[in-house]
Each structure stands twice: as C-alpha cells, then as structure tokens.
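Report on the structure given below.
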Amino acid sequence: MRRRQFLKGVGVGLAASLSYRAFAQAAPQVRWRLVSSYPRSLDTLYGGAEDLAKRVAELTGNRFQIRAYQAGEIVPGGQVLDAVQQGAVEAGHTYGPFYVGKNPTLAFDGGVPFGMTYRQHNAWMRYGGGLDLLRAVYADFGVMQFPGGNTGAQMGGWFRREIRTLADLKGLRMRIPGLGGLVMGRLGVVPQTLAAGDIYPALERGTIEATEFAGPYDDEKLGFYKVARYYYYPSFWEPSAQLAFLVSQREWQRLPKEFQEAFQVAAEVNLTMMAKYDAQNPPALNRLLKAGVRLRRWPLEIMKRALEEAQALYEEQAAKDATYRKVFSAYWAFRNEQYRWFAVAELGYESFAFPTV
C-alpha cells in the first residue's frame, strides 16, 4: 500500500514538473528595446528604465525581456516619442514636456509652472482622472503612457552671475525646455533646449549663461558647479517632474495579458525613484555647499511676475486648443483643491518644523 502511494505521489510530481516545463517552453518569449532620454551616468533617471526591465524579467521568469538603451545609442534623448511612434523601438522612457512642440498638452504629463507637487500630481494621475486624460492625448501618437518616476520639486538652476532683479534676466541665454522655457522667455530670458550631455560644454564655453536640470544629486554629476557658482531655488516651473514610459499601442496589444500585468506592476518605479532622490539630494547639496556653491532664493519680484506670465500663458493656450483646455481645467481644479488641503496639514507642520533645523 505504501509503495503504491509513493509511486502515485512520484507520478503526480513528475507530471506536474513535465507540465510546467512544457508550459515554460511553449510560453511566448518577448524581447523589447526601450530607449531612454537620459545617459547612463545619470543613474537614477536612467536607472528607472533598468529597474523596470529587471522587474519585468523577474515577474515573467525571463520570458519577457526588455533591454534599455541610453540616450544616443539608438536615437537622441529628445526623439524618444518619435522612435516609439514610428515603430523603431517598442518602448521609451522620457519626459512629456520635451514634446510640447508636438502637443502643448503633454506638459501636464510631467509638471507645469506653479503646478502640483509630486504627491499631488500622483494623486491626480491615479485618482483624479489625469492618467485617462493624458493617455487620450498620447493615443494620437499611437502610444500608451505609464507614469515612470519623478524627481520631485526641482532646483531653479545654475547661473554664472547673480540674479537680483527682473532686469538681470533680460537677454540671458539659459537652457530650459518646455513650458518653463516659455515662461522664462516672457521674463526676457532666451531659452535654449539642450540634451543632458551637451549642457556642460555649452555652459563652460559661454554659449549659454545659465541652466536648469533637476536637483543636487544629478546636477552634481553633471558638474555645473564647476563653471556656474550661483544655485537658485525653487524651480517654480517644475514643482513636480514626472517621467513616462511610452509603449507602442500595436506592440502592447500583441502582449499576452500576463505580460501586460507584469509591465504595469514593474512601472511602479514611479514610487521608488522619488524615494531614491529624497535620499540622495540632501547629502549632494551638502557636498555642493562645501565646494563653494552659493545658494540663492529667487527674488520675490521674479516669482510674482513668473506666476502672472504662467497664468496668462495657460489662458492663451486654452483659448485656442480644446484638448489643452480640457486637460488644463481638470488639472487646475484638482491643483487648487490639493493646495487648500496641503496648506492645512502639510504646510501647517512644515512652516514650523523645517526652520528649526
């Protein structure tokens, strides 16, 4: 009796093993290429794509593999949307505001001047209808969008000379893309769009006189402090900067349901990237200050004028673009509600506790 039970158990186990092996062999093997807008040296930004690829492989037993390519390996960093749209690659990791020239509404995917912070933006995307609104915009390009990381509130940039008044901005050549560039342009700045790897040489040669990028951790890596000593804050044009994974709709539809689920779970690097920056930025700022960087807060005159120009810009664009108006109206209504709440709990605490350190 025991021998028959043992053999029966062995048979069941062997059958299960063979069944699993047959399933694994029959399961689809999918390999995608993903292009990033960032160089590998910016390990947190570029690392978001690598984290996604690693997690997808783990969740699918290596049956769905994604290879990430840094900016310039396949396409320049500013052409990621084009590459996915044209089918040159299956996916990309980029920043929506890079493509406001194609559709100004894409600015709301990343972050806009005097808009929402990371937590507020994330709430809008997940529970305020933002994701559905923006996916409808991206659908015109034949791609799907997934939130893909965030830097949080950024710094206001590096300047070779001190900025004390609005007059000091007149004619200043500054690397600043997207809506931030449009707002600063209305203040007299001459905005320039440069990829990450091109900024330092331009700043060093004097082709540009100022630049913004992200925060202390990335800015230190890019070496801006070596040629521009004045470091301004805050970045009123990017109180939040959400990245995006873009996926070809055609390739997405070809994926098995299981692989689609794995990709969506893996895209939660939208949460972990912010945690990394929150850990990395404080010590990086301390190192910059010890290196002689001069930290400066934007003059109130400039902040007030920038807010006026940003609001005027929104109204002008909304008056001539129905899609923009729809997304902006939803975004701004959610933003105002969030501001009222954060002013009670968050600001009530922070305004007392933070200055004590």
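Heads up: numbering here begins at 1 and tracks the sequence. Reckoned from all heavy atoms, side chains included, excluding hydrogens, waters and symmetry mates.
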Donor-acceptor side-chain pairing of [X] and [Y] below 3.5 angstrom:
X	Y	value
Gln280	Thr44	yes
Glu238	Tyr95	yes
Asp140	Asn103	no
Asn150	Tyr277	no
Tyr99	Thr94	yes

Hey, are [X] and [Y] close enough for a salt bridge, meaning a charged N less than 4.0 Å from a carboxylate O?
X	Y	value
Glu90	Arg250	no
Glu58	Lys54	yes
Glu162	Arg297	no
Glu261	Lys257	yes

Under a 3.5 Å distance rule, please check whether [X] uses its side chain to pair with a backbone N or O of [Y] as donor and acceptor.
X	Y	value
Glu73	Gln70	yes
Arg135	Gln145	yes
Asn281	Tyr217	yes
Ser329	Lys326	no
Asp168	Thr165	yes
Arg305	Ile302	no
Gln65	Asn62	yes
Glu251	Ser248	no
Arg296	Arg164	no
Arg186	Leu182	no

### Message
Quick check on the 6.0 Å ring-centre criterion: do Phe213 and Trp158 meet it?
### Response
no
### Message
Counting the benzene-type ring for Trp, do Tyr231 and Phe159 have ring centres under 6.0 Å apart?
### Response
no
Spatial distance of atom [atom1] ([X]) from atom [atom2] ([Y]) [nearest 0.5 Å]:
X	Y	atom1	atom2	result
Tyr225	Leu203	OH	CG	13.0 Å
Phe342	Leu347	CZ	CG	11.0 Å
Ile66	His93	CD1	NE2	11.5 Å
Leu131	Met144	CG	CE	8.0 Å
Phe64	Glu258	CZ	CD	11.0 Å
Tyr339	Glu337	OH	CD	13.5 Å

Could you pull out the closest heavy-atom pair between [X] and [Y], with the gap in Å?
X	Y	result
Gly185	Pro191	CA-CD, 4.2 Å
Ala88	Arg33	O-NH2, 2.8 Å
Pro104	Gln317	CG-NE2, 3.4 Å

#### Entry: Full working for ring pair (Phe, Tyr, Trp, His ring centres under 6.0 Å) between Tyr233 and Trp298
CA-CA 6 Å; Tyr233 73 96; Trp298 281 114; 9.5 Å; no
On the 0 to 90° scale, with breaks at 30° and 60°, tag the [X]-[Y] ring pair as parallel, tilted or perpendicular.
X	Y	result
Phe114	Phe236	parallel
Tyr38	Phe98	tilted
Phe108	Phe328	tilted
Tyr232	Tyr230	tilted

### Message
Between Asn270 and Phe146, does the side-chain contact (heavy atoms from CB on, under 4.5 Å) criterion hold? Intermediate values first, please.
### Response
CA-CA 9 Å; Asn270 187 50; Phe146 299 84; over 6 Å; no
### Query
Cluster partners of Leu300, using ILVMFWY side-chain heavy atoms under 4.5 angstrom, listed by chain and number?
none
### Task
Walk me through it: do Val84 and Gln79 pass the test side-chain contact (heavy atoms from CB on, under 4.5 Å)?
CA-CA 9 Å; Val84 179; Gln79 296 180 17; over 6 Å; no
### Query
Is there a chain of hydrophobic side chains (I, L, V, M, F, W, Y, each step under 4.5 Å between heavy atoms) that links Leu42 to Phe224?
yes
### Query
Among the clusters formed by ILVMFWY side chains lying less than 4.5 Å apart, do Leu81 and Leu243 turn up in the same one?
yes
### Message
If we check side chain to side chain contact (heavy atoms under 4.5 Å, CB included) with Glu209, which of these qualifies: Arg173, Met174, Gln192?
### Response
Arg173
## Note on the structure
salt bridge (Lys or Arg N to Asp or Glu O under 4.0 Å) pairs touching residues 212-228, sequence neighbours excluded, are Asp43-Lys221, Arg175-Glu212, Glu220-Arg287
